[in-house]
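Report on one structure; see the data block that follows.
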Amino acid sequence: MAIIGIDLGTTNSSCGIWVDDGVKLIPNRLGDLLTPSVVGLDDKNNLSVGRIAKERLISHSDKTVAVFKRLMGTEHKVTLGNKQFTATELSAIVLRSLKEDAENFLGEPVTEAVISVPAYFNDNQRHATKTAGELAGLKVERLINEPTAAAIAYGLHEKQEGTFLILDMGGGTFDVSILEFFEGVMEVHASAGDNFLGGEDFVEAMMNDALNQLKIQKSSLTPQETNQLLMQMETAKRRIGTKEQQTLDLHLGKNHHEFIVTDEWFSKIATPLLLRAKRPIERALNDANMSPQAIDDVVLVGGATRMGIFRSTVGRMFGRLPSCHLDPDCAITMGAAIQAGLKSKDKALSDIVLTDVCPYTLGTDVVNENTNEGGYFLPIIERNSVVPISVTRRLVTAHDNQKQMRIGIYQGENRLVSKNIFLGNLTVDVPPAPAGKEAVDVRYSYDMNGLLEVDVKVESTGKTLNKVIEQSPGSLSPEEKEKSRQR
Ligand code: AMP
């Protein structure tokens, strides 16, 4: 049975399949290759998805929702009419729609998929994506990091060997990966990114600055006015560089305001965001121990990399123009479809081997031996380790006659756990003994999907505990999943 590859994007989603010796992108029921990641309720309170929902974003903003990928892995609920949805449930609705389109196109049931996620998606967000697939009736065979997917598409399609730096800026996230493709082996050397930086932030910053100039409080706008304003800014952003200046007619409250958009103004708005984008690029180069000159090709993926100012910033950093041979909107889908082909063991792909890395550090909290203060982060799996990986660290009791040891599980780069992301914890009983005498072995195993499993073994008693990090914010109980499926 066919496994499809899906790019579940902040702005748009799409799917494809590996056939014979290439990727076939699958059109949706309207004949489009991109399905806007927008969900709404129509006048009869039936769910609508994609372009049809997007067209009602302004006129029915209380019954339409977009950009929910940013809420993945959180408990935040969005109200549509009189119903409430988590981002996981909304994503499931988009996935179900893609699944149905693929089934119509292929003429057979589709029950398995490879879904792309931003490399920088944390454990919670990855679980939320897997759950969304499940709710849509799709077994998620693999979560693939978006830049890795783009790199496979690029490497295989362009039949190029060398070291690539992939910059992927979509609507809501920015991912950087350094990959090497050599004799059929695609190796990821480093991944970095910013989960809260994307094309939408440029639009938001434009809107905020315009409101500031016009001395209008954002909170005074109705949802319709805000959506309308965002749409106008979005259109203006796409036209930057094509016209000297643009005059926008903004209808806010009872008034019309004329607002002039120039390249210069946009450049001022974009500068802080572009500075933020530089940081993960530098970090990835640093982690891979490479200079910009060592990169053979800089590849751009994701709609927001179409901004001229983004391209020129990257051009300046690397002293050459970046490549964008593949349609940036489809490169990730193509890579996910190739990964799906690899999963279904397609012969044409039998020579390809793919390795990936864990883009962030995973660890636990420990007590500082000198100060006896808790809350310090002990890395167990270091950022950019090749996956799958399993690492064991021995921890000892901190106090005399300690009865239990609690292993906090965290993700992040800060030396204090309070500044990192909490993923869960495990508590084991230990026999009373002087401080430092009782020990537990803590094993972290991180798989190809970017999901973490933790095992703890008490050395003296042999007692073991295991935790698959699953009960994360936004995850649903079996009953909740069933209820959600029936909506
Ligand atoms: P994606 O999630 O890859 O579909 O990227 C969507 C983002 O790309 C949105 O924030 C769009 O505003 C942005 N985008 C798409 N086309 C353009 C363009 N021509 N110029 C500037 N930004 C664009």
Side-chain angles (χ1 to χ4, degrees), residues 5-16 25 28 32-38 50-51 54 57 66-72 87 90-91 94 98 115-121 125 129 144-151 153-154 166-177 193-207 227 229-243 246 261 263 265-267 269-270 273-274 276-277 299-314 322 324 326-336:
I6 296 179
D7 172 13
L8 183 61
T10 309
T11 327
N12 293 301
S13 295
S14 56
C15 65
L25 295 169
N28 64 21
D32 303 329
L33 292 179
L34 296 179
T35 298
S37 307
V38 183
R51 197 167 90 196
K54 189 178 171 185
L57 199 54
V67 210
F68 40 81
K69 183 171 170 179
R70 288 198 150 173
L71 300 171
M72 283 300 261
L90 293 167
S91 300
V94 174
L98 295 174
I115 303 181
S116 65
V117 287
Y120 235 64
F121 248 22
Q125 294 164 310
T129 308
I144 182 169
N145 288 332
E146 286 169 7
T148 309
Y154 189 80
I166 315 281
L167 298 177
D168 172 12
M169 191 181 278
T173 53
F174 180 46
D175 275 334
V176 183
S177 284
D194 187 332
N195 247 345
F196 295 95
L197 179 63
E200 312 289 340
D201 293 288
F202 290 77
V203 179
E204 185 101 23
M206 290 165 81
M207 176 176 84
N227 280 340
L229 185 54
L230 283 171
M231 285 252 200
Q232 284 179 287
M233 290 299 170
E234 171 71 38
T235 311
K237 180 183 78 171
R238 291 180 187 226
R239 288 201 188 128
I240 299 283
T242 60
K243 281 181 161 188
Q246 308 173 51
V261 171
D263 289 4
W265 175 70
F266 183 67
S267 151
I269 300 290
L273 296 168
L274 292 167
R276 249 174 83 189
V299 180
L300 301 185
V301 191
T305 62
R306 289 206 161 102
M307 286 184 291
I309 195 163
F310 184 90
R311 295 188 174 192
S312 52
T313 305
V314 172
C324 22
L326 288 182
D327 179 352
D329 291 325
C330 299
I332 294 170
T333 320
M334 291 168 83

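Hydrogens, waters and symmetry mates are skipped; everything else that's a heavy atom, side chains included, is used. None of these values were measured; they are calculated from a predicted model. One-based numbering, in listed order, for ligands and for the atoms of each.
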The one among Gly302, Cys330, Gly172, Gly171 that brings a heavy atom closest to atom 7 (C) of ligand 1: Gly171
Atom 21 (C) of ligand 1: the protein heavy-atom neighbour that sits closest, reported with distance to 0.1 Å: Met307 CG, 3.5 Å
Glu234 neighbourhood, listing ligand 1 atoms whose heavy-atom distance to it stays under 4.0 Å: 11 (C), 12 (O)
Backbone or side-chain N or O of Met169 under 3.5 Å from ligand 1 N or O: no
For atom 19 (N) of ligand 1, closest protein heavy-atom neighbour: Arg306 CD, 3.6 Å
Approximate separation, where rounding is to 0.5 Å, of Ser13 OG and Leu33 CG: 13.0 Å
Which atom of Ala150 lies closest to which atom of Ile166, heavy atoms considered: CB-CG2, 4.0 Å
Ligand 1 N/O within reach of Lys237 N/O, cut-off under 3.5 Å: yes
Min heavy-atom dist Gly170 to ligand 1 below 4.0 Å: yes
Shortest non-hydrogen separation from Ala331 to Val301 and the atoms involved: CB-CG1, 3.9 Å
Nearest heavy atoms of Arg311 and Arg306, plus distance in Å: NH2-CA, 3.7 Å
Atoms in ligand 1 flagged as close to Asn12, the criterion being non-hydrogen separation under 4.0 Å: 4 (O)
Carboxylate-amine/guanidinium proximity below 4.0 Å for Glu204 and Arg70: no
Option set Thr11, Thr173, Ile332, criterion heavy-atom distance to atom 9 (C) of ligand 1, minimum: Thr11
Smallest separation among heavy atoms of Thr10 and Ser37, with atom names: O-CB, 3.7 Å
Glu200 contact mode with ligand 1 (heavy-atom cut-off under 4.0 Å): both
Option with minimal heavy-atom separation from atom 1 (P) of ligand 1, where the choices are Ala331, Gly303, Gly198: Gly303
Parallel, tilted or perpendicular, as decided by the 30° and 60° cut-offs, for the rings of Phe310 and Phe174: perpendicular
Option of least heavy-atom distance to atom 10 (O) of ligand 1 (set: Ser13, Ser14, Gly199): Gly199
Audit row: Lys54, Glu234, salt bridge (Lys or Arg N to Asp or Glu O under 4.0 Å) steps and yes/no: CA-CA 14 Å; Lys54 189 178 171 185; Glu234 171 71 38; over 6 Å; no
